[in-house]
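Throughout, numbering of the chain's residues begins at 1 and tracks the sequence.
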Amino acid sequence: MNGTDSRLSVARTLDRCSVLGPGHRAVLWVQGCPLRCRGCVAAETLPFTDGPGRPVAELVDWLAGLTGIEGVTVSGGEPFAQAGALVALLDGLRRARPELSAMAYSGFRLETLRRGTPAQRGLLDRLDLLVDGPYVAPLHADLRWRGSSNQRLHWLSRRYADLPAEPDTGAGIEFSVGLDGSLSWAGVPAVPGFREEIERRVEARGFALRTAPPPPAPRGGGPLHVPDPDVPGP
């Protein structure tokens, strides 16, 4: 594990969620994505930061200490842009909690990731489930853990072999209120424009919305290598 792989740029974490993968799961949203899918519901996670990130060991300790979960889901941002750090995280978590499963989202197709870097292929090897492909707004659909019909759910291990027989319908949205009074949500919206509409309704009721300050722009160089995306044109 090199110096870069020992830290992970993280946008947000959630201790417990039941709408982004099987059962109750911890969720980790990474910061930074080389894609710019129209209608992305997490646009604040797109810029790459130039900060130090969070230590992988700290994140492993957090996940290993959680109770009542059956795995972790990594979303973003683009997880495969930080594949080396996520390999280190999942290896550490498997040593501490081997019973936990791993799921990730990617805007890249599985075929592209399999032609990627050794770290990206290594991350695939450590996943039980993968949702692949960019979000395409005109193809929006109410599907299990996916936002548009071009996105696919891949079973990369035998752990969830029974899932293909279950209905392929959306899992819904969950809202959380933080100790500081902040409101957040997780899940894949069943209808397009969900974020814009809920923000409009909240503001109409007199609540002031704010987001976290945008991360600093990179000072040179670029994000970790990612393969050329198989992304359909606009």
Discussion item. Suppose we screen for salt bridge (charged side-chain N to carboxylate O under 4.0 Å, His left out). Which residues come up paired with E70, at least two apart in sequence or across chains?
Written reply: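 For E70, no residue satisfies salt bridge (charged side-chain N to carboxylate O under 4.0 Å, His left out) once neighbours in sequence are set aside.
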
Supply the atom-to-atom distance [X] [atom1] to [Y] [atom2], rounded to the nearest 0.5 angstrom.
X	Y	atom1	atom2	result
L127	R159	CG	CZ	12.5 Å
L89	L63	CG	CG	6.0 Å
S101	L156	OG	CG	12.0 Å

Worksheet item: Can you list the other members of the hydrophobic cluster that holds Y160, where links are side-chain heavy atoms under 4.5 angstrom apart?
Response: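 Reading the cluster by chain and number, Y160 sits alongside L14, V19, L20, V27, W29, M103, Y105, L129, V131, W145, L153, W155, L163, V188.
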
Among the clusters formed by ILVMFWY side chains lying less than 4.5 Å apart, do [X] and [Y] turn up in the same one?
X	Y	value
L46	V136	no
V30	Y135	no
L139	L143	no

[X] bridged to [Y] by N-O distance under 4.0 Å:
X	Y	value
R152	E111	yes
E44	R12	no
R146	D168	yes
D91	R97	no

Worksheet item: side-chain contact (heavy atoms from CB on, under 4.5 Å) between S106 and L113: does it pass, once the steps are laid out?
Response: CA-CA 9 Å; S106 178; L113 295 171; 3.7 Å; yes

Practice prompt. Evaluate the criterion side-chain contact (heavy atoms from CB on, under 4.5 Å) for residue pair V72 and L90; output intermediate values, then yes/no.
Written response: CA-CA 9 Å; V72 58; L90 292 180; 4.1 Å; yes

Discussion item. Ignoring hydrogens and geometry beyond distance, is a side-chain donor-acceptor pair present between S9 and Q82 at under 3.5 Å?
Written reply: no

Worksheet item: Hey, does T73 have a side-chain heavy atom less than 4.5 Å from the side chain of L28?
Response: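 L28 does not reach T73 side chain to side chain.
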
Item to complete: Give the intermediate values and the outcome of salt bridge (charged side-chain N to carboxylate O under 4.0 Å, His left out) for residues R94 and D128.
Response: CA-CA 12 Å; R94 288 278 165 82; D128 298 291; 3.3 Å; yes

Fill in: Considering all heavy atoms, the nearest S75-P79 contact
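Smallest heavy-atom distance, with atoms named: O-CG, 3.6 Å.
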
Response to the item:
Residues V56 and A88: closest non-hydrogen pair is CG1-C, 4.0 Å

